[in-house]
There are 2 protein chains.
Amino acid sequence: MSIRYAILGFLSWKPHTGYELKKVFADALSFHWSGNNNQIYGTLVDLHKAEAVTIEVQQQEKLPARKVYTITAKGRAELRDWTCSDPELPVQRSMALTQLAWAEGLSEAEFDGILSAYARKLGDQVLMYRETLARNRAAPRRSPREELIWRSLDEHAVAFYERELEWAESLRTAAAALGPGDAEREALRLRGREGGLYDSNYHE
Amino acid sequence: MSIRYAILGFLSWKPHTGYELKKVFADALSFHWSGNNNQIYGTLVDLHKAEAVTIEVQQQEKLPARKVYTITAKGRAELRDWTCSDPELPVQRSMALTQLAWAEGLSEAEFDGILSAYARKLGDQVLMYRETLARNRAAPRRSPREELIWRSLDEHAVAFYERELEWAESLRTAAAALGPGDAEREALRLRGREGGLYDSNYHE
DNA sequence: CAAAGCATGTAAGCAGTTACATGATTGT
DNA sequence: ACAATCATGTAACTGCTTACATGCTTTG
């Protein structure tokens, strides 16, 4: 899925300029795009080519001209078709989880270090999201259903980070409870016989 | 983050061929990459250029030759540095959530349709994951800590889809409880005055 | 006088995808 | 006969990112 339909969606709510769309994406909690220029201005050109939007250039006295994009009937039809199309499964991309997967070489302290750094970042993110939610942001509220959906999406976005945080903390506790970590065990092993209790036991 | 470190990670566990890595990524629950040829074979070439891996070509009688990749000390060092580096926040990309955000134009039945299609897909995915988990797959178990981490990552991956499923079902229930949907309200509005109760109330 | 806001756009590149290409062997 | 497994690789493309480029106005 591309940003095309997200932009078309915002335009279906009300006309926007490219600059406004940038801010909308930067503020949004439930839309994962960064809102960089290349994508937004480029997609707007594409949408115009496809006759999904019209452009109105508004000259301003002291500020640069604004290009206000308005959705057309064709654009609304395209958006509607897309919203009805078969939804894909969501994907979670996480650098931290891959780091943890390959943490075997790290000491107990280093391992706890990544987990706590991750937990701290997640905690900050949750706080930031909670603040943003408290500042009742601009969002379409054209019907009780739409209001419900947007509130639900916002809460879902925060909950995602909260669950991640809980998971990180629980793994941290569980790892701490394991007792002597790798570094310590390694020292013990070197003083004992080679080929420890816990070597690779891969089987096809 | 690129697939580079995920590949390096699997090689740090034990040597693999490109073909084996493909299967490993296809089976994995906690690694989000598709494991397509271009990425795997390309990255292996890069890793070899960087002297992070060595190649051993094994000729076979009846089958094509295998290139077995083994991690070097340099490769281990690179992986170790990366695992200690500052973790990034995870990102959730979801087509379905964007569809729901712009579902205003849809009837109650159509809206329920996307939600139920989404829920069904999520349910299937959860079942598939549970099955995969039951077939105790090949995974590194070099220490109790590593075993704990991998089990925890697997459970986390399933839980992600389970939470998503719960959320979808709860939104579905809440939307159904709202009473007369858009289509019905629209009909009522057309018979009444223009400018309904729930028009856009955007404020900067 | 520096920083932030307004407003448009472009260049270069990374990461990832599907689909194509080859070709022998084994199983249904 | 058709499909799957083994095993390597390439081509073309999409989506998204950071950073650059311009220039005027308002705020601290």
Between A:Tyr19 (OH) and D:dC24 (P), how many Å, whole number? 16 Å
Sequence neighbours left out, what passes ring pair (Phe, Tyr, Trp, His ring centres under 6.0 Å) with B:Trp150? Give chain and number order. A:Trp102, B:Phe31
Among C:dC6, D:dC16, D:dC6, the nucleotide that comes nearest once only the side chain of B:Arg93 is considered: D:dC16
Respond yes when some side-chain nitrogen or oxygen of B:Lys67 is under 4.0 Å from OP1 or OP2 of D:dG9, and no when none is. yes
A:Phe160 meets the ring pair (Phe, Tyr, Trp, His ring centres under 6.0 Å) criterion, sequence neighbours left out, with none
Side chains of residues 45-54 of chain A: which donor-acceptor pairs under 3.5 Å do they make with residues two or more places apart or in other chains?
unit_1, atom_1, unit_2, atom_2, d
A:Glu51, OE1, A:Lys74, NZ, 3.0
A:Thr54, OG1, A:Thr70, O, 3.4

Can you tell if the side chain of B:Phe111 reaches within under 4.5 Å of the side chain of A:Thr83, non-hydrogen atoms only? no
Nucleic acid contacts - residues 44-56 of chain A versus DNA chain C, non-hydrogen atoms under 4.0 Å: none
To the nearest angstrom, the CZ-C1' distance between B:Arg66 and D:dC6 comes to 9 Å
Contact under 4.0 Å: B:Gln39 side-chain N or O vs C:dT17 OP1/OP2: yes
In whole angstroms, the gap separating P of C:dG16 from CZ of B:Phe31 amounts to 13 Å
Within the structure shown, what part of the strands sits under 4.0 Å from A:Gly42 by heavy-atom distance: base, sugar-phosphate, or nothing? nothing
Please identify each residue that fulfils side-chain hydrogen bond (donor to acceptor under 3.5 Å, both in side chains) with B:Asn37, with sequence neighbours left out. B:Lys22
Could you tell me the separation between the CD atom of B:Glu88 and the P atom of D:dT18, rounded to a whole number of Å? 10 Å
Can you build the contact string for nucleotides 19-28 of chain C? Use B for base contact, S for sugar-phosphate-only contact, and - for no protein heavy atom under 4.0 Å. ----B-SS--
Atom pairs and distances, donor-acceptor, side-chain atoms in residues 114-128 of chain B, under 3.5 Å, two or more places apart:
unit_1, atom_1, unit_2, atom_2, d
B:Ser116, OG, B:Asp112, O, 3.2
B:Ser116, OG, B:Gly113, O, 3.2
B:Tyr118, OH, B:Glu164, OE2, 2.6
B:Lys121, NZ, A:Asp86, OD2, 3.2
B:Lys121, NZ, A:Pro87, O, 3.0

Which residues satisfy the ring pair (Phe, Tyr, Trp, His ring centres under 6.0 Å) test with A:Tyr19, sequence neighbours excluded? none
Quick one: is C:dT17 close enough that its OP1 or OP2 comes under 4.0 Å of any side-chain N or O from B:Ser34? yes
Please report, rounded to the nearest Å, how far the P atom of C:dA15 is from the CZ atom of B:Phe25. 14 Å
OP1 or OP2 of C:dG5 sitting under 4.0 Å from any side-chain N/O of A:Lys23? no
Could you state the CG-P distance from B:Asp27 to D:dT5, rounded to the nearest angstrom? 12 Å
Taken in chain and number order and not counting sequence neighbours, the residues that satisfy side-chain hydrogen bond (donor to acceptor under 3.5 Å, both in side chains) with B:Arg93 are none
Check B:Arg130 with B:Glu162, please: is the shortest side-chain N to carboxylate O separation under 4.0 Å? yes
Could you tell me the separation between the OH atom of A:Tyr69 and the C1' atom of C:dA7, rounded to a whole number of Å? 11 Å
Looking at A:Tyr41, does any N or O in its side chain come under 4.0 Å of the phosphate oxygens OP1/OP2 on C:dG9? no
